[in-house]
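Okay, structure first, notes after.
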Amino acid sequence: MTFYFNPRSMKIALRIQPTHDWIHSVAVAHQWAHHWQAQGHEVVAVLFFGEAAQVINHNESCQQWRQWQQGALLVCSTVVEDRQIQALDDHPFQVAGLGLWESLTEQADQQVVIS
Amino acid sequence: MNVMVLNPNSPETHWQDMYLLLLSQLNFDQPIALLLLPGSDHRGHWNEQQWRALSLYGLDQCHHLGTQPPITSQALTWQRAKDLLHPNGAPMLHLCHWQAGVDHTDWFNLAAEQDHLLMYGNIPSDCFDRWREQWPNPNCHIVFDGTHPHIAHSIKTTEAAALCLKHPHIMNWQ
């Protein structure tokens with residue numbers, strides 16, 4: 001895969017494998033996405049990997065993303081189904097698998113992968 | 001090739017999350033290698049069936065720095081592990097959220113000469129100085145987010161966000 005840096009405008013896909021310090025991982029991802037958008041880039045997808053319920057039920061994390069105004073699609077990938085996901089229709093996270101992520105990243109000029 | 005680094009000292013929940021990610025990536029035929037850092041016994045985190053499933057799903061590269069896991073795995077030195085993380089010599093960005101009482105710096109052995117370290121959190125300046133002395137180059141920064149005192153070698157969050165666009169692969173350390 002070829003990566004390049006265009007300072008003017010890029011479509012960026014961010015994939016993050018959170019550490020067990022979930023709050024920090026989510027906060028950093030949000031902070032970066034916000035800055036990239038402020039600089040004129042477009043964030044086409046953000047993928048967190050973990051149990052979706054962990055993202056959704058985390059009030060502090062979720063609050064940050066609820067203020068997201070840019071319309072970027074957020075994808076929380078999980079293989080583990082959790083019935084609590086169904087009860088929160090208004091959360092900004094879309095639960096999906098890596099298949100959707102793969103198709104979204106095809107639109108991106110650059111992937112940023114945090115392992 | 002993507003390298004998944006696992007620390008045996010991480011909580012079991014993290015290992016289970018990473019296990020699912022690993023299986024998903026293998027299911028999508030994404031090339032991935034597993035690198036196990038030294039620490040406690042790996043067997044306590046994944047059971048025999050899980051280890052076997054990784055082989056069945058086609059994990060063909062597993063490396064370890066400490067205990068041999070219950071699948072075919074290659075023992076590496078720190079230098080070889082560092083080479084594995086830096087194919088073609090591409091620089092990496094390392095993130096670390098400093099926490100009081102946690103002072104693990106073993107993973108500094110995986111940092112190459114041209115790598116950058118971004119530290120988050122309210123790290124005391126004397127502690128940061130100690131980390132800077134151990135980091136292999138001057139590219140060691142604290143990200144100043146306005147919530148803690150501004151100390152030397154700090155950079156703004158905008159600079160951190162720009163820096164990570166220049167490093168397609170970033171390691172997140174605990």
Side-chain angles (χ1 to χ4, degrees), chain A residues 1-7 10-39 41 43 47-52 54-55 76-81 96-103 105 108-115, chain B residues 1-7 9-33 35 85 90 92-99 102 118 120-121 143 145-147 156-174:
Chain A
M1 185 176 295
T2 303
F3 296 97
Y4 63 93
F5 179 63
N6 177 352
M10 284 192 301
K11 292 185 175 180
I12 302 168
L14 171 63
R15 188 177 97 178
I16 184 163
Q17 296 166 208
T19 66
H20 57 273
D21 186 349
W22 187 267
I23 299 174
H24 176 249
S25 295
V26 171
V28 168
H30 183 267
Q31 191 180 74
W32 289 359
H34 176 76
H35 283 307
W36 293 335
Q37 291 187 323
Q39 291 163 11
H41 304 306
V43 180
L47 174 78
F48 291 96
F49 195 88
E51 290 187 43
Q54 196 176 4
V55 184
C76 174
S77 177
T78 181
V79 185
V80 179
E81 291 297 329
L98 284 183
L100 178 56
W101 169 253
E102 292 290 323
S103 64
T105 53
D109 301 312
Q110 179 163 338
Q111 271 194 59
V112 176
V113 179
I114 305 178
S115 300
Chain B
M1 173 177 289
N2 186 21
V3 181
M4 179 182 284
V5 182
L6 281 173
N7 183 349
N9 297 319
S10 295
E12 184 173 349
T13 51
H14 181 69
W15 273 68
Q16 296 307 330
D17 285 346
M18 293 302 103
Y19 178 75
L20 293 175
L21 176 58
L22 193 52
L23 282 190
S24 298
Q25 290 182 311
L26 292 172
N27 197 36
F28 277 86
D29 295 325
Q30 295 178 356
I32 187 165
L35 173 60
L85 283 179
M92 292 185 71
L93 181 64
H94 302 259
L95 306 181
C96 183
H97 187 205
W98 184 84
Q99 291 174 297
V102 178
L118 290 184
Y120 287 82
V143 180
D145 63 2
T147 62
K156 296 176 183 173
T157 54
T158 49
E159 294 173 276
L163 193 59
C164 63
L165 286 185
K166 298 175 183 173
H167 295 80
H169 197 181
I170 301 165
M171 294 300 298
N172 203 4
W173 301 99
Q174 197 69 37

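Labels below follow one simple rule: chain letters A, B, ... track the order of the sequence lines, proteins then strands, and each chain is numbered from 1. As a basis for the values below, the full set of heavy atoms in this structure was taken, side chains included, without hydrogen atoms, waters or symmetry mates.
- Interface remark: B/M4 contributes side-chain atoms only to the contact with chain A (heavy atom separation under 4.5 Å).
- For A/L14, no part lies near chain B; criterion is any non-hydrogen pair under 4.5 Å.
- If you measure heavy-atom distances from B/N2 to chain A, the contacts under 4.5 Å come from the side chain alone.
- Checked against side chain to side chain contact (heavy atoms under 4.5 Å, CB included), A/T105 has the following partners two or more places apart in sequence or in another chain: A/A13, A/W101, A/Q111.
- Between A/W36 and A/W32, the two ring planes are tilted [angle within 30° to 60°].
- Between atom OG1 of residue B/T158 and atom CD of residue A/Q39 there is a gap of 7.0 Å, rounded to the nearest 0.5 Å.
- Residue contact with chain A, scored on non-hydrogen atoms closer than 4.5 Å, is absent for B/Q16.
- For the side chain to side chain contact (heavy atoms under 4.5 Å, CB included) test, residues two or more places apart in sequence or in another chain that qualify with B/L93 are B/L95, B/H116, B/L118, B/L163, B/C164, B/H167, B/I170.
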